Structures are given as structure tokens and as C-alpha cells.
Amino acid sequence: MKKVLKKLAKILGVLVFEIAYILGLGIYLIYYTEFFVTTRDMIVTTSMTTMTHQYFATWFLSDEKIQEILAANRGINENVEQDLKDVNIKVSGNQKDTEGIEKIDVSTDTFNAYLLIIDDPSRVDLAIGPKVPTVGSTTSQIIEAYDAVAGINAGGLADDAAGTGAMPVGLLMTNGETFQNGLSNYEALSICGFTQDNKLYVNDYITKSEVEALNLRCAISFGPVMIVNGQPRISSGSGWGIQPRTCIGQRQDGAVLFLVIDGRQTDSLGATLKNAQDILLNYGAYNAFNLDGGASSTMVFDGALVNKPSDIAGERYVPTAFIVK
């Protein structure tokens, strides 16, 4: 019996050594050689765009190296001035319930993705969770609270250990009024919102005071801007990592596009920003903006959850959602 146990222990020791050796060699080759630069950069950009898994980069690379990789991969074209006169609203104020809303499965071999096309932009609004800033709500709960027919999660949040999702980050404006969160008038923001005549406004570098001067009916912070005047801004495929995504766009005829892409799942790895941009361009987006993604990414339509959020607990608590009334 002792001989058998000794033999098993020896075999186990060899297996542990081999696993440790292969793992160590893999880490060395990926992070510290030039053989797998693309793989390394994808790991770094993906992990650094999460809230909880940045250790995949920070355990192995210096802050300087991480910032160098992020800077080298985040290809984004120069911000150009948006020209909203070329957006011509064709439908306004006549549709109810699911009328004028089309749901399309835009999945690929590597991710599951869903698109809502809302013909009438006047039906789209930004909603704040009814208990913010005490606690957030799921996107489904926000939609129910506002008696809406559809919606997606919207702006970023400063979450706590309990995951309350109660505190919006950056600018938040609804009904033309700014949510007071201590934001400086001079801090540069990446924002999207709707004008009083229901056109999607996007900007990657604007201050709170400048936003307030625009007289938008609603606005939210996150970013980056993806499409301006029909021109794509994201030029790199990997610079923003592979993640669950939520995006909003608008066609020249005024129709609003809601896009949600599932990620961090065996049947849906997630998408780069360029993947999302390409889908929006394919469906005619003239202007588009990246909203909060990751575990927040959620789409609800006609009382049902459309996508599969990456959080094991289901829908995450968030402070805001873009809804269709």
C-alpha cells in the first residue's frame, strides 16, 4: 500500500510540475516575448476595461507597460464636429407599444448580439432608477417603473461592494435638468444625449457648462463616440478589448438604434468596439456612442429580457437606462 501511495504521489508531483511549467512558460511567452504580441495586447486591453479583472494585466506587467499597450492599441480617429442638420426626422408622435420597433438578431460566430430599431426618436428618453441615489435598479425594473415598452442600460456607475448601482458617473441630465453630483464645470466629458428636436448628440470632449448651454433634453456620460456624420471613429479592432457591449445610434432618417452584445460566456465571448461599430454602420447609423458595457449590458423588449447578461446573478443594478415610451 505504501508503495502504491508513493508511486501515486510521484505521478502527482510530476503532473503538478508539468502543469506549473507549461503555465509559467505560457505566461512568459505571452507577456515577455514578441511571439504573441496580439494575444498579449488583447488580454491587456480586455482586462483593463473591466472593473474586477484587471489583475490579468497588473500581476504581470508594470503600469508603464500597460499604459503603453493601451495607448498603442486604442486606435480612434480625430473627433470631428457633428453636423445634425443632415439628420431628418421622418416619424414623430404617432406610434404606441411595439409598433414601429423592430428587433433583429445580429449575432456572429463569436458573440450573440441584438438590435432594436425605433422608428420614432421622440419615444426615446433617458430614465433614472426610481431610488437613485439610494440604490439602483435593473434595466427591467426601470422600464417597468416608467411604463416603457423597451430599453437598454445607459451611463456608467460608481459601484460599491454591495453592487447597489446607485451612483451615476459623470454627467446626467434628464428633462433638461442636470443631476447634481459634484461635477466640475471644466472637466472634459464624453457624452451623448438628445436634442429638443430628437436628434442624437455625441461628443468626446465637452464640459458640463458647455453641455448645459446646448439645451439638450437628456444626456449621459460614458464613451467613446463611435460614429460621427456617418464616419467611423474606431480604427483598431482590439484596442478596447473583448467585452459585452451596449451602444446607441441614430440613422439619418431619425430612427434610433439600440445594440447589445453578450460577452464573458462560453457561447458568446464578447466584441470589440470595432465589431459593434461595424454592426451599427451596417444598419445605417449616422451617429453612434458607446454606453456602459460589461455586466451592465442589458436589453429588454415587450416585457422580456432579450439578451443574457454576463453577471451570474442576472441583471445588474444600474442608475440609468435609455427607454422607449
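On a predicted model such as this, the values are computed, not experimentally measured, just so you know.
Considering CG of Leu171 and NZ of Lys208, their distance stands at 7.5 Å, rounded to 0.5 Å. The distance from atom CD of Gln243 to atom OG1 of Thr272, rounded to the nearest 0.5 Å, is 10.5 Å. Atom CE of Met226 is separated from atom CG of Asp204 by 11.0 Å, given to the nearest 0.5 angstrom. Taking CD of Gln277 as the reference point, atom CG of Leu259 lies at 11.5 Å (rounded to 0.5 Å).
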Would Thr298 and Val318 satisfy side chain to side chain contact (heavy atoms under 4.5 Å, CB included), going step by step from the backbone distance to the final call?
CA-CA 10 Å; Thr298 309; Val318 295; over 6 Å; no
Let's go through Asp267 and Lys308 carefully: what are the C-alpha distance in whole Å and the side-chain angles of both, what is the deciding distance for salt bridge (charged side-chain N to carboxylate O under 4.0 Å, His left out) to 0.1 Å, and is it a yes or a no?
CA-CA 11 Å; Asp267 62 338; Lys308 184 180 178 183; 5.2 Å; no
Between Glu210 and Leu189, is the side chain to side chain contact (heavy atoms under 4.5 Å, CB included) condition met? List the steps.
CA-CA 10 Å; Glu210 288 171 334; Leu189 303 164; over 6 Å; no
Side chain to side chain contact (heavy atoms under 4.5 Å, CB included) assessment of Val306 paired with Val260
CA-CA 9 Å; Val306 174; Val260 166; over 6 Å; no
Could you walk me through whether Asp292 and Thr320 satisfy the side chain to side chain contact (heavy atoms under 4.5 Å, CB included) test, starting with their C-alpha distance in whole Å, then the side-chain angles of each, then the deciding distance to 0.1 Å, before giving a yes or no?
CA-CA 10 Å; Asp292 190 13; Thr320 56; over 6 Å; no
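Put simply, the side chain of Ile89 reaches to within 4.5 Å of the side chain of Pro121, judged on heavy atoms. Under the 4.5 Å side-chain criterion, counting only non-hydrogen atoms from C-beta, Val87 is not in contact with Leu200. Between Ile227 and Asn287, every side-chain heavy-atom pair lies at or beyond the 4.5 Å cut-off. Side chains of Val124 and Phe258 form a contact here, defined as non-hydrogen atoms less than 4.5 Å apart. A heavy-atom distance below 4.5 Å is found between the side chains of Cys192 and Ile220. Side-chain contact between Leu273 and Pro224 is present, with at least one heavy-atom pair separated by less than 4.5 Å. Contact of the Val256 side chain with the Ile248 side chain is registered, since non-hydrogen atoms from C-beta on lie closer than 4.5 Å. Side-chain contact between Gln82 and Asn203: absent, with no pair of heavy atoms (C-beta onward) separated by less than 4.5 Å.
Side chain to side chain, Asn153 and Ser296 fail the donor-acceptor criterion of an N or O pair below 3.5 Å. Under 3.5 Å, the side chains of Arg123 and Asn198 contain no donor-acceptor pair of N or O atoms. Side chains of Thr207 and Ser209: a donor-acceptor N/O pair is present below 3.5 angstrom, by distance only. A donor and an acceptor atom, one from each side chain of Asn229 and Asp83, are nowhere located under 3.5 Å apart.
The neighbour count for Glu177 CD, taken as heavy atoms of other residues, nucleotides or ligands under 6.0 Å away, does not exceed 12. Residue Asp147 qualifies as open at atom CG: its count of foreign heavy atoms under 6.0 Å is 12 or below.
Using bins of under 30°, 30° to 60° and over 60° for the plane-to-plane angle, the ring pair Phe194/Phe322 lands in the perpendicular bin.
Contact check on Asp125 versus Arg217 returns a salt bridge, with a Lys/Arg side-chain nitrogen under 4.0 Å from an Asp/Glu carboxylate oxygen. Taking a cutoff of 4.0 Å between a charged side-chain nitrogen and a carboxylate oxygen, Lys103 and Asp302 do not qualify as a salt bridge.
Hydrophobic clustering keeps Ile191 apart from Tyr205 (ILVMFWY residues linked when any side-chain heavy atoms are closer than 4.5 Å, directly or through intermediates).
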